[in-house]
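Encoded as structure tokens, the structure appears first; notes follow it.
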Amino acid sequence: GAANIGVVGLAVMGSNLARNLASREGNTVAVFNRSRSKTDELIEAHPEAGFIPAFSYEEFAANLQKPRTAIIMVKAGRPTDAVIDELMRVFEPGDIIVDGGNSLFTDTIRREKAVREAGFNFVGMGVSGGEEGALLGPSLMPGGPDESWVTLGPILKSIAAVAEGEPCVTHVGHDGAGHFVKMVHNGIEYADMQLIAEAYDLIRRGTGKSPAEIADIFAEWNRGELESYLIEITAEVLRQTDAATGQPLVDVIVDQAGAKGTGAWTVQTALDLGVPVSGIAEAVFARSLSSHREQRDVSGSLPGPDDASFTVEDPGAFIEQVRLALYASKIVAYSQGFDEIRAGAAQYGWNIDLGAVSKIWRGGCIIRAQFLNRIADAYATGDELPVLLTAPYFVEALGRAQDAWRHVVQAAAGAGIPAPAFSSSLSYYDGLRAERLPAALIQGQRDFFGAHTYKRIDKDGTFHTLWSGDRSEVEAEDTH
Ligand code: NBP
């Protein structure tokens, strides 16, 4: 075969990734799609790419140099399994099969095992950045065995986005590590978007500014510590006027948020790992709440605060408070996300460099932001960080923001404006700060109804109170 790399699945992501590969020096790209039409269209639209098309899996395999390397970009789930089976049928041991779809990491762990047992190399790779990222430079999160990285690394480095001179790709860890990290990336993306939406809502309802005026505020924020792709596009969306009605576009869009499920995966996984990703969870739930139009109070019967008028006295000062609340809540969301990656790595035996992960998110992907440099700095010191937000830079930032953050959450609660991500992030922060938590009472309750025992602050051992007896305390057998 003449091609050094192949792509299977030529919908929007696959065809853009194939074009990106073909545009790099030294690459010849073999392409294949289940139905012929997509292949024909791609070849016709992009003769400059020099693609080598195939119309069967056999032909595709024959078009590739050995050891063959193919990137699958098809719908996650069964379609991905179907393509892997076909490739194993026509490939030879030693060839590399890469899944660049949005696969669930546990599927990737299962597939890697099965494919490896058949003698092939399998790499589950997170790809972020949507269509444009795939074409111009995505953030790439490959997992899989070290051997594959030797072949794949240089190719992936050549197509990835570049941030501050460094390609946005790293070998994240073995088997499902790449897809795990991609999943958490998407969870953080949900939280970031929800926080921005809450900031917009509070400013709009508190100051009466128009979406176009708020667009200017976000554009201004984008020149400071909040600089990020999501803040930038928020300004673009808010500035857009609907051609049909002359209204701000945001006012004619139905307020029911969709989701493709990766945010929910992040939360489900966090629940299994026992990691409190409350900001991400609130963001996922906020989308669910919005989408249940039939449950929302269409008749206005649910009572709200007596004084529902919410107009802040000093709009400039309030906007700055909202900015600080957004920044502080964002620190919490990222800190929680990295905590989930740390816990996932411990659970699944991956050696994940958290600083390297923050660096590959600086370009190409949806959550790209200046802020990720601060996370990279925090991990670069080599200090043991129990949670990211305890790094000195973030402690300083939270200290600077916390009064404003509390004020904004109070204002939202007082005015009856939902701010679930702002307020849950603040509660998480205060939970970490609290010297004593009411969890002591919960342990007492658990001991009462289920003899679940408790520890004491003043001596070692495990104890149980004889609640239904004389209520004396006995030392319980350590169940460990
Ligand atoms: P889709 O997710 O819409 O998948 C369409 C592709 O899957 C077509 O090429 C289709 O072939 C192929 N396919 C299906 Br469906 N069943 C198949 C089967 N049994 N055998 C072989 N091929 C099959 O495409 P996409 O939006 O380009 O996304 C591709 C992957 O990238 C997905 O996993 C997605 O989650 C992930 N991703 C997407 C984005 C994004 O922004 N869209 C970002 C990051 C990652 P056909 O033409 O013959 O029907």
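Counting starts at 1 for both ligands and their atoms, following the listed order. Quick note: residue numbers are just sequence positions, from 1. For the numbers below, each heavy atom of this structure counts, side chains included, while hydrogens, waters and symmetry mates do not. What you are looking at is a predicted structure, and each value in this text was computed from that prediction instead of being measured.
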Should the ring pair [X] and [Y] be called parallel, tilted or perpendicular, given that the plane angle runs from 0 to 90° and is split at 30 and 60?
X: Y348; Y: F180; result: tilted
X: H171; Y: W149; result: parallel
X: F105; Y: W350; result: perpendicular

Exercise. Identify whether the distance between the nearest side-chain nitrogen and carboxylate oxygen of D175 and R110 falls below 4.0 Å.
Key: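 Salt bridge: no.
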
Quiz prompt | Nearest candidate to atom 41 (O) of ligand 1, where distance is taken over non-hydrogen atoms, out of G130, G77, A82, A76 | solution =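 Comparing heavy atoms across G130, G77, A82, A76, the nearest one to atom 41 (O) of ligand 1 lies in G130.
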
Self-check item: The one among V7, N186, T262, N102 that brings a heavy atom closest to atom 45 (C) of ligand 1
Solution: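 Looking at heavy atoms only, the winner is N102.
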
Counting non-hydrogen protein atoms only, what is the nearest one to [atom]? Give residue, atom name and distance.
atom: atom 29 (C) of ligand 1; value: M73 O, 3.6 Å
atom: atom 47 (O) of ligand 1; value: K38 NZ, 2.5 Å
atom: atom 4 (O) of ligand 1; value: K75 N, 3.4 Å
atom: atom 26 (O) of ligand 1; value: V12 CG1, 3.7 Å
atom: atom 33 (O) of ligand 1; value: V74 O, 2.8 Å
atom: atom 42 (N) of ligand 1; value: M13 CG, 3.7 Å
atom: atom 19 (N) of ligand 1; value: R34 NH1, 3.4 Å
atom: atom 46 (P) of ligand 1; value: S35 OG, 3.2 Å

Self-check item: N/O separation below 3.5 Å, K260 to ligand 1
Solution: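 No.
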
Quiz item: Any N or O on N33 sitting closer than 3.5 Å to an N or O of ligand 1?
Solution: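 It does: an N or O of N33 is found under 3.5 Å from an N or O of ligand 1.
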
Under 3.5 Å, is there a donor-acceptor pair between the side chain of [X] and the main chain of [Y]?
X: Q336; Y: S278; answer: yes
X: E198; Y: P418; answer: no
X: T80; Y: K75; answer: yes

Provide the number and element of each atom of ligand 1 under 4.0 Å from a heavy atom of [X].
X: V127; value: 44 (C), 45 (C)
X: P79; value: 14 (C), 16 (N), 17 (C), 19 (N)
X: G9; value: 9 (O)
X: L10; value: 9 (O)

Quiz item: Is it true that the NZ or CZ of R111 lies under 6.0 Å from the centre of F122's six-membered ring and within 45 degrees of the ring axis?
Solution: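 No - R111 does not lie over the ring of F122 by the 6.0 Å and 45° rule.
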
Practice problem: Establish, yes or no, whether a centroid distance under 6.0 Å links the rings of F371 and F394. | Solution: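 Judged by ring-centre distance (under 6.0 Å), F371 and F394 do meet the cut-off.
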
Self-check item: Residue among V172, L156, I72 satisfying side chain to side chain contact (heavy atoms under 4.5 Å, CB included) with M125
Solution: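 It is L156; the other options fail the test.
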
